[in-house]
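Any value given below was found using the heavy atoms of this structure, including those in side chains, with hydrogens, waters and symmetry copies removed. Since the structure is predicted, the reported quantities are computational estimates derived from the model, not experimental observations.
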Amino acid sequence: EITAFDRHADRQNSHAQIEFDVRRPDEIVILKKIAEADTKNPTVRVELGNLYFDSERYDLAIPWYEQAVKLLPNDPNVSTDLGVAYLYSNKTDQAIAQFEQSVKVDPKHIKTWLNMGIAKAMVKGDIPGGEAAWQKVIEIAPGSEEAKRAQQGIDALKGGGHGGATTGTGGGTGGDR
C-alpha cells in the first residue's frame with residue numbers, strides 16, 4: 001500500500017539549505033525579507049515552500065513554490081513539490097497538470113511519475129492513468145524503492161483496493177515526498 005506522496009528525490013543536491021526551526025516565526029520573517037529584497041532568488045522561495053510544506057501548511061507553501069517554478073522552470077524537483085502541495089490542498093487537477101509539466105521537463109523523473117500515479121489512481125479514481133504512471137516508474141527505475149512502491153500501488157489496484165491509500169508528509173526534511 002502506498003502511504004505517502006513523494007516530494008522530489010534529494011533536496012540537498014538541488015538547492016542550498018537554509019536552516020530554520022519551524023517553531024521560530026522570526027526565521028520565517030527573515031526568509032520573507034530575503035525574498036522581498038531579492039525577487040530573483042529561487043532558493044529562498046523553495047526553502048519557504050519547504051518550511052510551510054513540512055509544517056503541513058500547504059496553502060502557504062503553494063505561492064512560494066509557484067514563484068520558485070517561475071524562476072526555475074526547468075527544475076522538475078520544485079515543480080513536483082508544487083504538484084504535491086496542490087494535491088495535499090485538494091487541488092487534484094492542478095496537481096496532475098503540474099506533474100505533467102514536470103515530466104515534460106524531465107521524462108525520467110520517477111518521483112513525479114510516482115505522484116502522478118497516486119493522484120490519478122488514488123485520488124481521481126483514474127485507474128488506467130494511475131497504473132500507466134506507475135508502470136513508467138517501474139520501467140525507468142526497476143528495483144528502486146519507488147518502483148517497489150509503484151508495484152504495490154498496481155497490486156492494490158488489481159486487488160480492488162484503490163481507496164486504501166493514506167497520505168503523509170513522507171518523512172520530513174529529506175525531500176522525499
**side-chain contact (heavy atoms from CB on, under 4.5 Å) assessment of N77 paired with H109** = CA-CA 8 Å; N77 294 326; H109 199 266; 2.8 Å; yes
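Nearest approach of A121 to W134, heavy atoms of both residues: CB-CH2, 3.9 Å. Nearest heavy-atom pair, Y65 versus V78, reported as atom, atom and distance to 0.1 Å: O-CG1, 4.1 Å. Taking all atoms of both residues into account, the shortest heavy-atom contact from T112 to P76 is OG1-O, 4.4 Å. I138 and A147 make their closest contact through CG1-O, 3.8 Å (heavy atoms, listed as atom of the first residue, atom of the second, distance). In this structure, I110 and V137 approach most closely via the heavy-atom pair O-CG2, 3.8 Å. Minimum interatomic distance between T92 and A119 (heavy atoms only, all atoms of both residues): CG2-O, 4.1 Å.
Take D93 and apply the side-chain hydrogen bond (donor to acceptor under 3.5 Å, both in side chains) test, not counting sequence neighbours, and it matches K124. When the salt bridge (charged side-chain N to carboxylate O under 4.0 Å, His left out) test is applied to D59, the partners found at least two apart in sequence or on another chain are R57. Not counting sequence neighbours, the partners of K136 by the salt bridge (charged side-chain N to carboxylate O under 4.0 Å, His left out) test are E139. Not counting sequence neighbours, the partners of E131 by the side chain to side chain contact (heavy atoms under 4.5 Å, CB included) test are Q135, I154, L157, K158. With sequence neighbours excluded, the residues satisfying side chain to side chain contact (heavy atoms under 4.5 Å, CB included) with K33 are V29.
Side-chain contact between N115 and I118 is present, with heavy atoms from C-beta onward closer than 4.5 Å.
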Would you tabulate the side-chain donor-acceptor contacts of residues 98-105 under 3.5 Å, counting partners in other chains and residues two or more places apart, or write 'none'?
| from | atom 1 | to | atom 2 | distance (Å) |
| --- | --- | --- | --- | --- |
| Q98 | NE2 | S79 | OG | 2.8 |
| S102 | OG | S79 | OG | 2.6 |
| S102 | OG | T80 | N | 3.4 |
| S102 | OG | T80 | OG1 | 3.3 |
| S102 | OG | Q98 | O | 3.1 |

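Expressed to the nearest 0.5 Å, how far OH of Y86 lies from CD of E66 amounts to 3.5 Å. The CD atom of E146 sits 10.5 Å away from atom CD1 of I140, with the distance rounded to the nearest 0.5 Å. A distance of 11.5 Å separates CG in D75 from CG in L82, rounded to the nearest 0.5 Å. A distance of 6.0 Å separates CG in N50 from CG in D81, rounded to the nearest 0.5 Å. Of the inter-residue distances, the one linking I28 atom CD1 with S55 atom OG reads 6.5 Å to the nearest 0.5 angstrom. Distance check: N74 CG to D106 CG gives 10.5 Å after rounding to the nearest 0.5 Å.
In the hydrophobic clustering of this structure, L71 does not group with V69; members are Ile, Leu, Val, Met, Phe, Trp, Tyr whose side-chain heavy atoms approach within less than 4.5 Å, directly or through other members.
With R45 contributing its side chain and N41 its backbone, the two residues share a donor-acceptor pair below 3.5 Å.
Taking the six-membered ring wherever Trp is involved, the centroid distance between the rings of F53 and Y58 falls below 6.0 Å.
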